[in-house]
Visitor: 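Encoded as structure tokens, here's the structure I'll be asking about.
All values derive from a computational prediction rather than experimental measurement. Residue numbers begin at 1 in each chain, while the letters A, B, ... track the order of the sequences. These numbers come from the heavy atoms of this one structure, side chains and all, not from hydrogens, waters or symmetry mates.
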There are 2 protein chains.
Amino acid sequence: MTYPLTREFLAGRLREHLSQNALTHIEDLIESVEEHGDNVQLVESGVSLDDSHLLIEGFVLRTIETGERRFIVGIHVPGDFIDLHRFALKRLDHTLVSAGSVRLGAVPHERLQTVMNERPDIARAMWFATLLDAAIHRRWIQALEQLDAPRRIAHLYAELHERLTMIGRQVPRALRTPFTQLDLADMCGVSAVHANRAVAKLRELGIGEIRRGDLYTDDWDALKRYARFDGSYLYGHGALKLQDD
Amino acid sequence: MTYPLTREFLAGRLREHLSQNALTHIEDLIESVEEHGDNVQLVESGVSLDDSHLLIEGFVLRTIETGERRFIVGIHVPGDFIDLHRFALKRLDHTLVSAGSVRLGAVPHERLQTVMNERPDIARAMWFATLLDAAIHRRWIQALEQLDAPRRIAHLYAELHERLTMIGRQVPRALRTPFTQLDLADMCGVSAVHANRAVAKLRELGIGEIRRGDLYTDDWDALKRYARFDGSYLYGHGALKLQDD
DNA sequence: CGTTCCCTTGAGTAGTTTCAATACTTGTGG
DNA sequence: CCACAAGTATTGAAACTACTCAAGGGAACG
């Protein structure tokens, strides 16, 4: 069983507790695979409104636009259902944008409806996935309340490091992203100029070197310590691990 | 049908789309009612770990504590399920604390399990409720990224005004809360001293007067404009309203 | 009627913003 | 293969926002 499309869904989290049967069922939810280039608005574009989408490859940003400025309120990595909540909410309060090129798996809402009615085990996993998003949101709130700009950027990469590791993508010394410094600024709620200075400070401190979105470090622990990062909110195999019930 | 305990659950949002049967079933989920005083840690205290809780009366804060400092990452008003996600996550990444005295309705997880298996309509409403929390989290992230301290405080009260109105509690001229300025500071990610100056600025600008947590204003629209508040993220009866499906 | 918590104010410091100018990178067409 | 354009990154200076430390004032509760 390889599950080429959904292999990373909840990997490192609840996935290990799902039955083979459920995993196969989840793989079969994907009706089609779509590819998109950089900076594509995934909601208005070719993406159907009656589907929800699993991110298979690449990064997706959740943004809120206000005429003047863009705010990034979340990042998604492969294995994340990026708009599962649209199935329940019908509309989104924000925009989904690709960062770099992406591959998405489309799941028709009628199939999700069937899951809700007939497969409570899978429904619960879906619910769990959206709750993970909420837990990440809470940490972002706290990071914005607690940290200065350099630490916010470090926290961002620390979280990505952890999330990528959980889905089995090891990040030895370089974490590659397509993010510009303006993207980092919009994620951290600071100006682009200040994001640049924050990046420079991380370099000076020896915490990590960010070049065109790629972070290079040889001491992830030091980076995480600097960012006051504690990954338990990601509900991976650790302190807050989901117990067998 | 009055539903004395759960009358405010999803009121102004999905509630109107639920059947009488479902509403009765939801009311019957509540096994017992608990009362707690001010500043009680609801997770460690008398509150059972095998229950989730509906807030019936009062305010509850979601906080993350870090030895040195406390960060508030969310507020709950009556009608909110404050720890519904514990049913799915089993553990929480944060703490729930009463702000002022509260009444909670306890729902045993076994009843929720039955709902998940047998009542997809109610399960979906529960899911919807946790997604609303996530939408509010996203707006908080954006508010922290976008707004200065006085506007953050104004946004906070604007949101509370809207949420209380949705559950049928009109807020004509005074919005009463038990929040201290230190609470406001911890919600907005600023120091207590600065929260005080922000409150003073709102007063000087004629936006609103906050005295011991109670906000007095005679122009809610002006306050919301000042805070750049747009309530569509709350998924009430408006632009982003849930369509009949 | 005093203690305690909460609010207020002042002064100096640190973090962040804006505006503005300059360099580096990448991709494209000649 | 070079030249240019567009996007991205860097740096400086002045203004603003927010922080800390510190002290004093006010309101609620016993």
Side-chain angles (χ1 to χ4, degrees), chain A residues 37-40 61 66 68-72 97 99-101 143-155 176-205 208-216 226-228, chain B residues 37-39 61 66 68-72 97 99-101 143-156 176-205 208-216 226-228:
Chain A
D38 181 42
N39 202 30
V40 173
L61 307 177
T66 70
E68 309 145 3
R69 204 175 147 191
R70 175 189 68 155
F71 301 93
I72 297 174
V97 182
S101 47
L144 288 165
E145 290 175 346
Q146 179 182 29
L147 307 177
D148 61 12
R151 278 178 237 266
R152 287 181 196 174
I153 291 178
H155 195 277
R176 297 183 190 284
T177 77
F179 306 148
T180 65
Q181 289 188 358
L182 181 57
D183 291 331
L184 297 180
D186 292 346
M187 292 170 195
C188 296
V190 300
S191 68
V193 171
H194 198 58
N196 175 272
R197 292 192 227 266
V199 163
K201 182 163 184 185
L202 292 177
R203 183 161 39 227
E204 286 161 24
L205 290 173
E209 163 125 18
I210 296 171
R211 287 199 303 265
R212 305 198 85 74
D214 303 336
L215 182 136
Y216 303 85
Y226 177 75
R228 290 141 169 61
Chain B
D38 182 40
N39 201 32
L61 307 178
T66 71
E68 309 146 3
R69 205 177 143 190
R70 174 190 68 158
F71 301 92
I72 298 175
V97 182
S101 45
L144 288 165
E145 290 175 346
Q146 178 182 31
L147 307 176
D148 60 10
R151 278 179 238 268
R152 287 181 196 174
I153 291 176
H155 196 278
L156 205 73
R176 298 185 188 285
T177 77
F179 305 148
T180 66
Q181 289 188 356
L182 180 57
D183 292 331
L184 297 180
D186 291 346
M187 292 170 195
C188 295
V190 299
S191 68
V193 171
H194 197 57
N196 176 271
R197 292 193 227 264
V199 163
K201 183 165 182 184
L202 292 177
R203 183 162 40 227
E204 285 161 24
L205 291 172
E209 165 127 16
I210 296 172
R211 287 200 303 267
R212 305 197 82 74
D214 303 336
L215 182 137
Y216 303 86
Y226 177 74
R228 289 142 169 64

Visitor: For DNA chain C, which residues in residues 196-204 of chain B have a heavy atom at a distance below 4.0 Å?
Guide: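 Of all residues in residues 196-204 of chain B, the ones placing a heavy atom under 4.0 Å from DNA chain C are B:N196, B:R197, B:R203.
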
Visitor: Distance check needed: D:dT8 P versus A:I210 CD1, whole Å only.
Guide: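 Value for this atom pair: 16 Å.
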
Visitor: Please report the shortest heavy-atom distance between A:L147 and A:R228, naming the atom on each side.
Guide: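 Looking at all heavy atoms of both residues, the shortest contact is CD2-CD, 3.6 Å.
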
Visitor: Tell me: CZ of B:R211 to P of D:dG25, nearest whole Å?
Guide: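 Rounded to whole Å, this separation is 22 Å.
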
Visitor: How far apart are the closest heavy atoms of A:L61 and A:A99, and which atoms are they?
Guide: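 That would be CG-CB, 4.0 Å.
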
Visitor: Spell out, as yes or no, whether a donor-acceptor pair under 3.5 Å connects the side chain of B:D186 to the backbone of B:F71.
Guide: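 Between the backbone of B:F71 and the side chain of B:D186 there is no qualifying donor-acceptor contact (under 3.5 Å).
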
Visitor: Report which part of the nucleic acid A:G213 touches: base, sugar-phosphate, or nothing (heavy-atom distance under 4.0 Å, all strands).
Guide: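 A:G213: no heavy atom of the nucleic acid under 4.0 Å.
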
Visitor: To the nearest Å, how far apart are A:D214 CG and C:dT26 P?
Guide: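 In whole Å, C:dT26 P and A:D214 CG are 11 Å from each other.
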
Visitor: Taking all non-hydrogen atoms of both residues, which atom of B:A195 and which atom of B:Q181 are closest, and how far apart?
Guide: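 Where B:A195 meets B:Q181 most closely, the heavy atoms are CB-O, 3.7 Å.
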
Visitor: Expressed in angstrom and rounded to an integer, what is the separation of A:E209 atom CD from D:dA9 atom P?
Guide: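 In whole Å, D:dA9 P and A:E209 CD are 13 Å from each other.
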
Visitor: Is the shortest side-chain heavy-atom distance between B:N196 and B:V193 below 4.5 Å?
Guide: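 Heavy-atom side-chain distance check fails, nothing below 4.5 Å.
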
Visitor: Is there a donor-acceptor pair closer than 3.5 Å between any side-chain N or O of B:D148 and the backbone N or O of B:R151?
Guide: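 Yes, the answer is positive, given that a donor and an acceptor are paired below the 3.5 Å cut-off.
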
Visitor: Closest-nucleotide mapping onto DNA chain C: is A:R212 or A:V193 further toward the 5' terminus? I mean the 5' end.
Guide: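 Nearest-nucleotide comparison on DNA chain C picks A:V193.
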
Visitor: Can you list, in residue-number order, the parts of residues 143-156 of chain B that come under 4.0 Å of DNA chain C, counting heavy atoms only?
Guide: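 DNA chain C contact set from residues 143-156 of chain B: none.
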
Visitor: Atom CG of A:D38 and atom C1' of D:dA6: how far apart are they, to the nearest Å?
Guide: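 Checked: the CG to C1' distance equals 15 Å.
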
Visitor: Rounded to whole angstroms, how far apart are NE2 on B:H194 and C1' on D:dC16?
Guide: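 Going from B:H194 (NE2) to D:dC16 (C1'), I get 11 Å.
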
Visitor: Write down the atom of A:L202, the atom of A:I153, and the distance for their closest heavy-atom approach.
Guide: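 Smallest heavy-atom distance, with atoms named: CD1-CG2, 3.8 Å.
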
Visitor: Whole Å only: how far is the CG atom of A:L184 from the P atom of D:dA9?
Guide: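 After rounding, the gap between these two atoms is 8 Å.
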
Visitor: Mind listing the closest non-hydrogen atom pair of A:R69 and A:V190 along with its distance?
Guide: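 Heavy atoms only, the tightest pair is NH2-O, 3.4 Å.
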
Visitor: Under 4.0 angstrom, heavy atoms only, what part of the nucleic acid is A:S191 near: base, sugar-phosphate, or nothing?
Guide: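 Base: the residue A:S191, judged by heavy atoms under 4.0 Å, touches a nucleobase.
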
Visitor: Answer yes or no: does a side-chain N or O of B:Q181 lie under 4.0 Å from OP1 or OP2 of C:dT8?
Guide: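 Yes, B:Q181 has a side-chain N/O under 4.0 Å of OP1/OP2 on C:dT8.
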
Visitor: Under 3.5 Å, side chain of B:D38 to main-chain N/O of B:S101, donor-acceptor pair present?
Guide: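 Here the side-chain-to-backbone pair does not exist.
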
